[in-house]
Peer 1: 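Below is the structure I would like to discuss, written out as structure tokens.
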Number of protein chains: 2
Amino acid sequence: MNTQTRRQREYEQREKLFLDAARNIIRTDGISALTMDKIAEHTEYAKGTVYKHFTCKEDILCGLCLDSLGLMYDMFSHALTWQGNSREKIICIGVGYQLYTQRFPEEFDLLIAARTNNIREKASPERLERMDQVDTLVLNAIRAVIQLAIQSGDLTLPEHTQVDDLCLGLWAMSFGLLVLEGARDLINGLELSATNTLLLHQMSCLLDGYHWHPLSTEHDYLLTYQNTFRHLEALIPKD
Amino acid sequence: MNTQTRRQREYEQREKLFLDAARNIIRTDGISALTMDKIAEHTEYAKGTVYKHFTCKEDILCGLCLDSLGLMYDMFSHALTWQGNSREKIICIGVGYQLYTQRFPEEFDLLIAARTNNIREKASPERLERMDQVDTLVLNAIRAVIQLAIQSGDLTLPEHTQVDDLCLGLWAMSFGLLVLEGARDLINGLELSATNTLLLHQMSCLLDGYHWHPLSTEHDYLLTYQNTFRHLEALIPKD
DNA sequence: TGAAAATGTGACGAATCGTCACTCTATGAC
DNA sequence: GTCATAGAGTGACGATTCGTCACATTTTCA
């Protein structure tokens, strides 16, 4: 009987317990309401035990981000299996991103915060390292679609442009739009045609600019959007 | 002699004093090192006096953002006067944005934070209102260029697309790229052709996708980038 | 000149963080 | 079965910081 592995398993379960408690507190009362004492109280452990798992509060926030990124990655890899042309796969990933942020706005706020230095400089190096790893996984999902598009002849990258350039561009556009869309005060001051399909349209223009075929004039991507939306909606954890 | 206006002026000067102190603390020691006591100490006022001006710490952060946004607006309006075609003006705005974030990364972190709800829900309504106003000013600068492009025939918006859609798209792309570029750990894992001109290239593709003339195949926007860069660099406060 | 108004103060209570010396418990060698 | 030991768990504690408020000081102006 291997005590060591059981101990390890229990440790991981407890870590999950703490993170779940933190997530619940954040979902109901917002990030600023999260305290170490509350986590301890909710899990019926002492605060010291929480600190056996996390170096500080920011470390917990990063732990939550790690979970979110993981879920995102799951959704993205699922998107890769979407039957359709390469651009449709990209749209499917974008839709997954959008669904996630709309379903869990508080956690998206966390993901934003985790990109700023004042959180990262406090979190433990180990957890940051793990976040980078999941970042890479997510990036690889997008890279894979771009590679596929190049191989299938749908896309020819412009001179002096690499796969990762486009990769970051797509990510930036999605991230930026979803952040700004979350700022309601800002959005209300704008005359937008439709908030939901905004990401689709902007991505379409960007990819048209890259001459990624089939162009938006050659294919009904709005239909793709609607289909992938319905498809991925079912995957979002209800919780 | 109008005592009222003098008082008012002194009040505003003091507010500026507090904000400057806060900015200095943040620039040297980071956001997490900012405390109300330090601001009081640095300005040789008591903490209570600081609270006469700001309802809470987040209110100060928003106050700093307001200043940053103001500087950004100044730079953007300057960009509008750039002699060139409409796309060059947009690039000029983008370059201004990029220069600002590179010169003051800590304050850009603030601008990011100020877009998340957990800061906004604490700041005073008055300051949020003022932030919205400056947001609108900045937006209007971009809107103006788009309108100009439409009027001059450089741009015809696609069906079901409004000026603000493109406006938000441009902003999102720039914002997203600059945030992600600030996350060094992330960028280091990518194989990018060049970080500095990344924004230029992505914006070029987006605008090509919109058929905003002259297209990037018809005009050397890299030259525009370099020229506007040099031009705006001189405008950034040295401080 | 002095009362009223405006401005400024810093001690204080409350909240929260992160620590650490200690207790408790399960394990496995004997 | 016993008992030494590792590691899991504790929660009181000091430190930090926030935001407040009753009081002190200064300014204004009748």
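Per chain, numbering begins at 1; letters A, B, ... match sequence-line order. Just so it is clear, the values below take in all heavy atoms, side chains as well, and ignore hydrogens, waters and symmetry mates.
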Peer 1: Please give, in whole Å, the distance from D:dT10 P to A:E41 CD?
Peer 2: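 So the two atoms are 13 Å apart, to the nearest Å.
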Peer 1: Can a salt bridge be assigned to the pair B:R27 and B:E107 using a cut-off of 4.0 Å between side-chain N and carboxylate O?
Peer 2: yes
Peer 1: Between the side chain of B:N188 and the main-chain N/O of B:R184, is any donor-acceptor distance below 3.5 Å?
Peer 2: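 Checking the backbone N and O of B:R184 against the side chain of B:N188, a donor-acceptor pair under 3.5 Å is found.
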Peer 1: Have a look at B:Y45 and say if it touches a base, only the backbone sugar-phosphate, or nothing, with a 4.0 Å heavy-atom cut-off.
Peer 2: sugar-phosphate
Peer 1: So, does B:R14 get its side chain near the phosphate of C:dG8, meaning an N or O under 4.0 Å from OP1 or OP2?
Peer 2: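 Checking B:R14 against C:dG8: at least one side-chain N or O falls below 4.0 Å of OP1 or OP2.
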Peer 1: Specify the residues of residues 54-64 of chain A, ordered by number, for which at least one heavy atom lies under 4.0 angstrom from an atom of DNA chain C.
Peer 2: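 The stretch gives A:C56, A:K57 as the residues lying under 4.0 Å from the strand, ordered by number.
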Peer 1: Taking the side chain of B:D37 as heavy atoms from C-beta outward, which of C:dA26, D:dC18, D:dT10 is closest to it?
Peer 2: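 The answer is D:dC18, which lies nearest to the side chain.
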Peer 1: Just how far, in rounded Å, is C1' of D:dG11 from OH of A:Y51?
Peer 2: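 Whole-Å distance recorded here is 13 Å.
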Peer 1: In whole angstrom, what separates A:K38's NZ from C:dT16's P?
Peer 2: 6 Å
Peer 1: Any base atoms under 4.0 Å from A:T49, or only sugar-phosphate, or nothing? Heavy atoms, all strands.
Peer 2: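 It contacts base atoms.
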Peer 1: Rounding to a whole Å, what distance do you find between B:I39:CD1 and D:dG19:P?
Peer 2: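 Spelled out: CD1 on B:I39 to P on D:dG19 is 10 Å.
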Peer 1: Nearest whole Å is fine: how far is C:dG10 P from B:M36 CE?
Peer 2: 16 Å
Peer 1: Could you check whether A:N117 and B:E106, counting side-chain N and O atoms only, form a donor-acceptor pair closer than 3.5 Å?
Peer 2: no
Peer 1: Given atom OH of A:Y11 and atom P of D:dA8, what is their separation to the nearest angstrom?
Peer 2: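 A:Y11 atom OH is separated from D:dA8 atom P by 8 Å.
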Peer 1: How about A:F229 and A:Y225: are their ring centroids closer than 6.0 Å?
Peer 2: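 Yes.
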Peer 1: A:A33 or A:G48: which one's nearest nucleotide on DNA chain C is closer to the 5' end?
Peer 2: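 Its nearest nucleotide lies further toward 5', so the answer is A:A33.
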Peer 1: Just by distance, do the side chain of B:K57 and the backbone of B:T35 share a donor-acceptor pair under 3.5 Å?
Peer 2: no
Peer 1: Are A:F54 and A:R127 side-chain neighbours, meaning at least one heavy-atom pair lies under 4.5 Å?
Peer 2: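 Side chain of A:F54 against side chain of A:R127, heavy atoms only: contact under 4.5 Å found.
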Peer 1: Salt bridge between B:R115 and B:D109, side-chain N to carboxylate O under 4.0 Å?
Peer 2: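 Between B:D109 and B:R115 there is no salt bridge, as every charged N stays at least 4.0 Å from the carboxylate O atoms.
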Peer 1: Using a 3.5 Å limit on both distances, find every run of at least three consecutive Watson-Crick or G-U pairs that involves DNA chain D.
Peer 2: C:1-30 with D:1-30
Peer 1: Check the distance between C:dA11's P and B:K47's NZ and give it to me in whole angstrom.
Peer 2: 11 Å
Peer 1: Think B:R7 has a side-chain N or O under 4.0 angstrom from the OP1 or OP2 of C:dA6?
Peer 2: no
Peer 1: Is any side-chain heavy atom of B:I39 closer than 4.5 Å to one of B:K47?
Peer 2: no
Peer 1: Distance check needed: D:dT27 C1' versus B:R9 CZ, whole Å only.
Peer 2: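 Rounded to whole Å, this separation is 16 Å.
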Peer 1: For B:H53, enumerate each residue passing the ring-ring contact (aromatic ring centres under 6.0 Å, His included) test, keeping only those at least two apart in sequence or located in another chain.
Peer 2: B:Y11, B:F18
